[in-house]
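These notes are about the structure you will find just below.
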Amino acid sequence: MNRIKWRLVPVYVLLVLLLVISIVPFYLVIVNSTHSSFDIVTKLNLWIGGSLRDNYEKMQSNVNIWNGFKNSLLIAVPFTFFTGYFGAMTAYGFAKYRFKGKKGLYWLVLCSMMIPAQLSIVGFYQLNLKLNLLNSYIPFIFPGIANASAVFFLRGIVEQSIPDSMLEAARMEGATEFRIFNRMILPCIMPGVATMCIFNFVTCWNNYMGPLILITDNKKYTMPVMIAMIKGLYLSNYGAMYLAIAIAVVPIIIVYLFLSKYIINGLTIGSDK
Amino acid sequence: MKNRQHYGYFFILPYFLIFAVFGLFPILYTFFLSVYKWDGMMPKVFIGFDNFKRLLTDKYFYLATGNTIKIWLFNFIPQIAAALLLSCIFTFNRIRGMKFFRAAYYLPNLITAASVGLLFNLLFNGDKSAVNYILVQSGILKEPFAFFSSPEFTSGLVSYIQWWMWFGYTTVIVMAGMTTVDNSLYEAAMSDGATKMQTFRKITVPLIKPTLIYLTITSIIGGMQLFDVPATLTNANGDPQKSILTTTMYIYNQGFKSYNYGYACAVSVGLFAIIAVLSVFSFRAMRRRGDMYDE
């Protein structure tokens, strides 16, 4: 028994090293956000300092970071709701009905999943310019209705977990198709929908290029756009910059502490296909 | 009950309405604009394939695409290597805290790439940055190194950041592929006297080939669109010496800084073609080797 453990020592060393690499940058962000800029450039800080309040006041004097936080939520929450609800709806339509052109339409969904989204940014910008949607959140929220990967993943889940006999029984009792979907199907596939929603929320929250192009009113900046422009605003005010990054990063870490099991399991839904 | 089948159309209708407006139209319009000269203000001028002729001789396009491919290769190969190694460690040994390690490795993937860019800028930029401090204090360097004046270092750092953000994800996916491999196959190989390395090369790798193909193609599609990290790490122009100017940054600069919308669209179409070729090429190359892929 002991011999086996000794053999694994180098393995554990490697694993711990990778752990340090993965976590230390975040640790430094949190620690440095509590130190003054002078402390940050003159020594390596490894423990919490006393300048958090000071940094906070400096940070808030230039931009209101919570405004970016609020704006990102205003986009990500409805977007996530749309991907969940309409993703399930489209997936259900493809999984449980037979209609003309279904194969071709589903093929279109799969293709749109492979098409690199950032390549059509000029077209996307011009579209929203013409629709008068610059500085609006609509171009970020409504595409949630047409989220190809959500449809792809949820279709598999609908096919696995909803037997046709269940639908037949509900129809016999006179339920309408939409009632069946809302009252029966959706609750049944809710765990899958929720997993999907976590990922879509994160993707939406992290979206940088879209808001960078469409949003010019700085009151409407989202978190990533705000973080990216901070470098120019605070110059050598490192404490304030670290604090801003900390505010962007810590909520995600906290959520991850609670949901990591679901997130890691959710990652593999798509890849085993 | 058959007469209800057409309800399927109602269920998929919202998807296709929104897809037509926000998904399909921008793509088609990008292709359309790629044969025009247009600054967004004056009327569009049809110029045929002139944008593409310019593209073929545009040294910045080649530079940016070369940078993008280089950054991708130097992060993807170590990523797959790390993922295979970690997956083997986790699958064939009883590692205490395996789920904790794996979850921690995945964490960087969730963090906003724009924040990551700024964070690494702060860690490396300047004589008194945290990294210079550590290197000088520990005696590895005699004096601080100007990291962001070195094109090689900066390009390598982007590869490292991409690796750092993605190796945990890749590990989770490769592990999922490995656990689907039937255990009796390993037992049979072991009882036939195969070494661990042989079992890995002859059984594990061929059987997880579909997973590896999936990872390669999704990574090409994502990697060729690299924007957030290089755009936030230095001055957003790809400096030093344009070493981290990626193709997507070039599209952004052409479109939204120089207002050459037509040309930006042509670059987009060019990048689209490159992604398509690379994806097909790697799919074919990986499928051919070993003949284990049958579906």
Side-chain angles (χ1 to χ4, degrees), chain A residues 8 11 15 18-19 21-23 25 28-29 41 44 86 89-90 92-94 97-99 105 112 114-116 118-124 126-127 139 142-143 145-146 151 168 171 177 202 206 208-209 213 223-224 227-228 230-231 238 241-242 245 248-249 252 256 260 264 267-268 271-272, chain B residues 1 4-9 11-12 14-15 18-19 22-23 25-27 29-30 33 89 93 101-108 110-115 118-119 121-123 128 130 133-134 164 169 172-173 176 180 211 214 221 225 227-228 232 248 251 255-256 261 264-265 268 271-272 275:
Chain A
L8 285 176
V11 169
L15 294 179
L18 287 174
L19 180 72
I21 284 175
S22 302
I23 289 176
L28 286 178
V29 167
V41 297
L44 184 67
F86 287 98
M89 194 162 140
T90 315
Y92 174 65
F94 276 120
Y97 293 91
R98 259 176 276 137
F99 49 86
L105 289 170
S112 70
M114 302 299 278
I115 288 174
Q118 296 201 350
L119 294 190
S120 52
I121 47 163
V122 176
F124 187 66
Q126 292 299 337
L127 168 78
F142 277 81
I145 293 172
V151 174
E168 298 300 324
R171 281 172 187 156
E177 298 300 298
V202 172
N206 289 342
Y208 172 51
M209 201 190 217
I213 290 165
M223 205 66 180
I227 294 290
I230 264 171
K231 200 169 43 171
Y238 299 111
M241 280 198 266
Y242 274 113
I245 300 179
V249 163
I252 302 177
Y256 186 57
S260 66
I264 297 283
L267 280 179
T268 56
S271 66
D272 49 10
Chain B
M1 291 300 147
R4 295 220 189 169
Q5 294 299 334
H6 67 277
Y7 272 89
Y9 289 118
F11 281 104
I12 66 167
Y15 179 97
I18 295 294
F19 174 68
F22 287 105
F25 178 81
I27 295 171
Y29 198 63
T30 301
L33 277 182
I89 290 174
N93 298 288
F101 282 119
R102 206 174 55 164
Y105 299 161
Y106 178 65
L107 175 66
L110 292 171
I111 306 298
T112 315
S115 309
L118 178 63
L119 162 59
N121 174 282
L122 290 178
L123 291 179
K128 291 171 174 164
Y133 189 88
I134 297 172
W164 178 74
Y169 166 82
V172 175
I173 304 295
T180 59
T211 306
Y214 168 85
I221 295 173
Q225 298 183 83
F227 179 82
D228 296 10
T232 51
T248 309
I251 294 169
F256 301 100
Y261 288 121
C265 288
S268 303
L271 182 57
F272 181 78
I275 293 177

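The chains referred to below are lettered A, B, ... by the order of the sequence lines, with proteins before strands, and numbering in each begins at 1.
Between chain A and the options B:Thr30, B:Asn121, B:Ile18, the largest number of non-hydrogen pairs under 4.5 Å is found for B:Ile18. With chain A as partner, the option from B:Leu110, B:Ile221, B:Thr248 having the largest number of non-hydrogen pairs under 4.5 angstrom is B:Leu110. Counting heavy-atom pairs under 4.5 Å between each of A:Tyr92, A:Phe94, A:Tyr97 and chain B puts A:Tyr97 at the top. Of all the listed residues (B:Ile89, B:Ile111, B:Val172, B:Leu123), the one sharing the greatest number of non-hydrogen pairs under 4.5 Å with chain A is B:Ile111. Between chain A and the residues B:Phe25, B:Phe19, B:Phe227, the largest count of heavy-atom pairs under 4.5 Å involves B:Phe227. Chain B forms more heavy-atom pairs under 4.5 Å with one residue of A:Ile252, A:Ile245, A:Leu15 than with any other, namely A:Leu15. Heavy-atom pairs under 4.5 Å with chain B were tallied for A:Ala248, A:Pro224, A:Ala228; the largest tally goes to A:Pro224. Each of B:Leu107, B:Leu33, B:Thr232 has some count of heavy-atom pairs under 4.5 Å with chain A, and the biggest count is that of B:Leu107. For chain A, the option among B:Ala130, B:Gly255, B:Pro14 with the highest count of heavy-atom pairs below 4.5 Å is B:Pro14.
With a 4.5 Å cut-off on non-hydrogen atoms, B:Tyr133 touches chain A through its side chain but not through its backbone. With a 4.5 Å cut-off on non-hydrogen atoms, A:Leu105 touches chain B through its backbone and its side chain both. Looking at B:Asp228, both its backbone and its side chain come within 4.5 Å of chain A, counting heavy atoms on both sides. The parts of A:Met114 that come within reach of chain B are both its backbone and its side chain, each placing non-hydrogen atoms under 4.5 angstrom from that chain.
Within the 4.5 Å cutoff, the side chain of A:Tyr208 has no heavy atoms near those of the B:Thr112 side chain. When side chains are defined from C-beta on, A:Leu119 counts as touching B:Ile275, because their heavy atoms get closer than 4.5 Å. Under the 4.5 Å side-chain criterion, counting only non-hydrogen atoms from C-beta, B:Phe11 is not in contact with A:Thr90. Counting heavy atoms from C-beta outward, B:Leu122 and A:Tyr242 have side chains that approach closer than 4.5 Å. Contact check for A:Phe99 versus B:His6: no side-chain heavy atoms found under the 4.5 Å cut-off. Counting heavy atoms from C-beta outward, B:Leu119 and A:Val249 have side chains that stay 4.5 Å or more apart.
To the nearest 0.5 angstrom, A:Ile21 atom CD1 is 10.5 Å from B:Trp164 atom CH2. Annotation: the span from A:Leu8 atom CG to B:Asn93 atom CG amounts to 5.0 Å, rounded to 0.5 Å. Between the OH atom in B:Tyr105 and the CG atom in A:Leu18 there is a gap of 4.5 Å [rounded to 0.5 Å]. Taking OG from A:Ser260 and CZ from B:Arg102, the interatomic distance works out to 9.5 Å, rounded to the nearest 0.5 Å.
Looking at every heavy atom in both residues, A:Arg171 comes nearest to B:Arg4 through CG-NH1, 3.4 Å. Nearest heavy atom pair, residue B:Ala114 against residue A:Ile227, reads O-CG2, 4.2 Å. Closest approach of B:Tyr29 to A:Gly123, counting heavy atoms only: CD2-CA, 4.1 Å. When all heavy atoms are compared, the tightest approach of A:Leu127 to B:Pro26 is CD2-CG, 4.2 Å. Looking at every heavy atom in both residues, A:Val122 comes nearest to B:Tyr261 through CG1-CD2, 3.7 Å.
Listed for the A:Glu177 side chain is no donor-acceptor partner under 3.5 Å among the backbone atoms of B:Tyr7.
Aromatic rings of B:Phe22 and A:Phe142 (six-membered ring for Trp) have centroids beyond the 6.0 Å cut-off, not under it.
Ring geometry for B:Tyr106 against A:Tyr256 counts as tilted: the plane angle lies between 30° and 60°, on a 0 to 90° scale.
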